[in-house]
Amino acid sequence: QVQLVESGGGLVQAGESLRLSCAATGNIVNINVMGWYRQAPGKERELVAIMSRGGSTNYADSVKGRFTISREYTKNTVYLQMDSLKSDDTAVYYCNSVGIWTTSDFDAMSYWGKGTLVTVSS
């Protein structure tokens, strides 16, 4: 059973930084895509950043130049470094993974973490 566990959220002031972490647990050999989504109050969940197994990245326009996604492949972990935070970045941030190679087969399902709250005060 695959689980994603996020950490690193909190309350910061505008202009400050936070680093989110997400570790995938289970009988995992490799993960195709890992990334971050967020959902602000009253809004739909949106993509923040994703990173493929090969290192390709995709960012939302609103975070380009401020957020950096990275992966530690041997630990099945994805990070999101968030700099120059704005009040508009306030949201629950969710970790996501798609396409997991386990020790026995390939799991094409999309998995989600429970989310971590990021609050940016202006």
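On a predicted model such as this, the values are computed, not experimentally measured, just so you know.
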Trp36 and Ser21 have their tightest heavy-atom pair at CH2-O, 3.5 Å
For Val92, the side chain to side chain contact (heavy atoms under 4.5 Å, CB included) test, sequence neighbours excluded, returns Tyr94, Leu117
- prompt: Is the count of non-hydrogen atoms from other residues, nucleotides or ligands lying under 6.0 Å from Asp83 atom CG greater than 12?
  reply: yes
Between the OG atom in Ser97 and the CG atom in Leu4, the distance rounded to the nearest 0.5 Å is 4.5 Å
All heavy atoms of Tyr59 vs all of Thr68, minimum pair found to be OH-CA, 3.4 Å
All heavy atoms of Ser122 vs all of Ser87, minimum pair found to be CB-CB, 4.3 Å
Between Thr77 and Lys75 (side chain of the first, backbone of the second, donor and acceptor by atom type, cut-off under 3.5 Å), is there such a pair?
yes
- Taking the six-membered ring of Tyr79 (Phe, Tyr or Trp), confirm whether the NZ or CZ of Arg71 is under 6.0 Å from its centre and within 45° of its axis. no
Exercise. Measure from the side-chain N and O atoms of Thr116 to the backbone N and O of Gly9, and report whether any donor-acceptor pair falls under 3.5 Å.
Key: yes
Looking at Tyr73 and Asn30, would you say the former's side chain and the latter's main chain have a donor-acceptor pair under 3.5 Å? no
Can you tell me if Thr102 and Asp107 form a side-chain donor-acceptor pair at under 3.5 Å? no
> Does Arg19 offer a backbone N or O that forms a donor-acceptor pair with the side chain of Gln81 under 3.5 Å?
Replying inline: no
Closest non-hydrogen atoms of Tyr37 and Arg45, given as atom of the first, atom of the second and distance, are CB-CG, 3.9 Å
For the pair Glu46 and Arg38, evaluate salt bridge (charged side-chain N to carboxylate O under 4.0 Å, His left out) and give the outcome as yes or no after the intermediate values.
-> CA-CA 5 Å; Glu46 63 176 3; Arg38 67 186 180 187; 2.8 Å; yes
Of all heavy-atom pairs linking Ala40 and Thr90, the shortest is CB-O, 3.6 Å
With Arg66 as partner, the option from Asp89, Asp88, Asp61 fulfilling salt bridge (charged side-chain N to carboxylate O under 4.0 Å, His left out) is Asp89
Scanning both residues in full, the closest heavy-atom pair of Ile69 with Ala49 reads CD1-O, 3.6 Å
